[in-house]
Amino acid sequence: MYKYDPDKWLFETFVNTQNRDYIISELEKKLGTKDWHKKENYRKELGQVMKEYWPKLFESGFDCIERIKKGKEITKEILKTVKEGEEVAIVAHYGIITRFLAKEFNKEGEAVGVPFIDNCQIEKTVVE
């Protein structure tokens, strides 16, 4: 079974390795350690790094699609441990969840043919 580190999953699935390495480097500098993910305040610093990087994006739509493919593989491994009758919730931002559910994408890497999903809306689906 895939053993994921919930504090590092984003970086384990990041497709744009140049941007991933930049973020990690900044976190190591700001937190003074290579074990930045073990620091209690690393999420705050991560938010600050992302804020400073703005308006550039860490990922293109196509990077997100590739990362979501990795995420689906992780999800499939986790689902193997779910007992009959149990259900799993996948919680994510709108752009991630629509790409997770999409079967096709436009030339910008945006999901096509996925119904609008509102905040906190629950949709049942099968992970393909």
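Fair warning: this is a prediction, and the values are worked out from it, not measured in the lab.
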Donor-acceptor contacts, no H, no angles, side chain residues 44-53, under 3.5 Å, sequence neighbours left out:
{"residue": "Gln48", "atom": "NE2", "partner": "Glu52", "partner atom": "OE2", "Å": "3.3"}
{"residue": "Glu52", "atom": "OE2", "partner": "Lys30", "partner atom": "NZ", "Å": "3.4"}
{"residue": "Tyr53", "atom": "OH", "partner": "Asn19", "partner atom": "OD1", "Å": "3.0"}

With a 4.5 Å heavy-atom cut-off, do [X] and [Y] have their side chains touching?
{"X": "Lys39", "Y": "Thr33", "answer": "yes"}
{"X": "Ile74", "Y": "Glu77", "answer": "no"}
{"X": "Val88", "Y": "Ile78", "answer": "no"}
{"X": "Ile65", "Y": "Val15", "answer": "no"}

Heavy-atom pair with the smallest gap, counting every atom of [X] and [Y]:
{"X": "Ile24", "Y": "Trp36", "result": "CG2-NE1, 3.6 Å"}
{"X": "Thr75", "Y": "Ile90", "result": "CG2-CD1, 3.9 Å"}
{"X": "Tyr42", "Y": "Leu31", "result": "CB-CD1, 3.6 Å"}
{"X": "Arg99", "Y": "Gly109", "result": "NE-O, 2.9 Å"}

| request: Let me see the working for Glu59 and Phe14 under side-chain contact (heavy atoms from CB on, under 4.5 Å), right down to the final yes or no. | output: CA-CA 8 Å; Glu59 295 182 296; Phe14 227 84; 3.8 Å; yes
| query | Between Phe58 and Asn16, does a side-chain contact (heavy atoms from CB on, under 4.5 Å) hold up when you go through it step by step? | reply | CA-CA 8 Å; Phe58 283 111; Asn16 186 321; over 6 Å; no
| said: Under the criterion side-chain contact (heavy atoms from CB on, under 4.5 Å), I'd like the reasoning laid out for Lys72 against Lys69: C-alpha separation, chi angles, the key distance, then a yes or no. | reply: CA-CA 5 Å; Lys72 281 185 173 184; Lys69 286 179 185 176; 5.7 Å; no
Output yes when a side-chain donor or acceptor of [X] lies under 3.5 Å from a complementary backbone atom of [Y], and no otherwise.
{"X": "Arg43", "Y": "His37", "answer": "no"}
{"X": "Ser25", "Y": "Asp21", "answer": "no"}
{"X": "Glu86", "Y": "Lys83", "answer": "yes"}

| Interatomic distance, Cys64 atom SG to Phe105 atom CZ [nearest 0.5 angstrom] |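 Separation between the atoms: 10.0 Å.
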| request: Verify the neighbour count for atom CD of Gln18: are there more than 12 heavy atoms of other residues, nucleotides or ligands below 6.0 Å? | output: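 Not more than 12 within 6.0 Å, no.
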| task | May I ask you to say whether Lys29 pairs ionically with Glu26, meaning some side-chain N is under 4.0 Å from a carboxylate O? | result |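 Salt bridge: yes.
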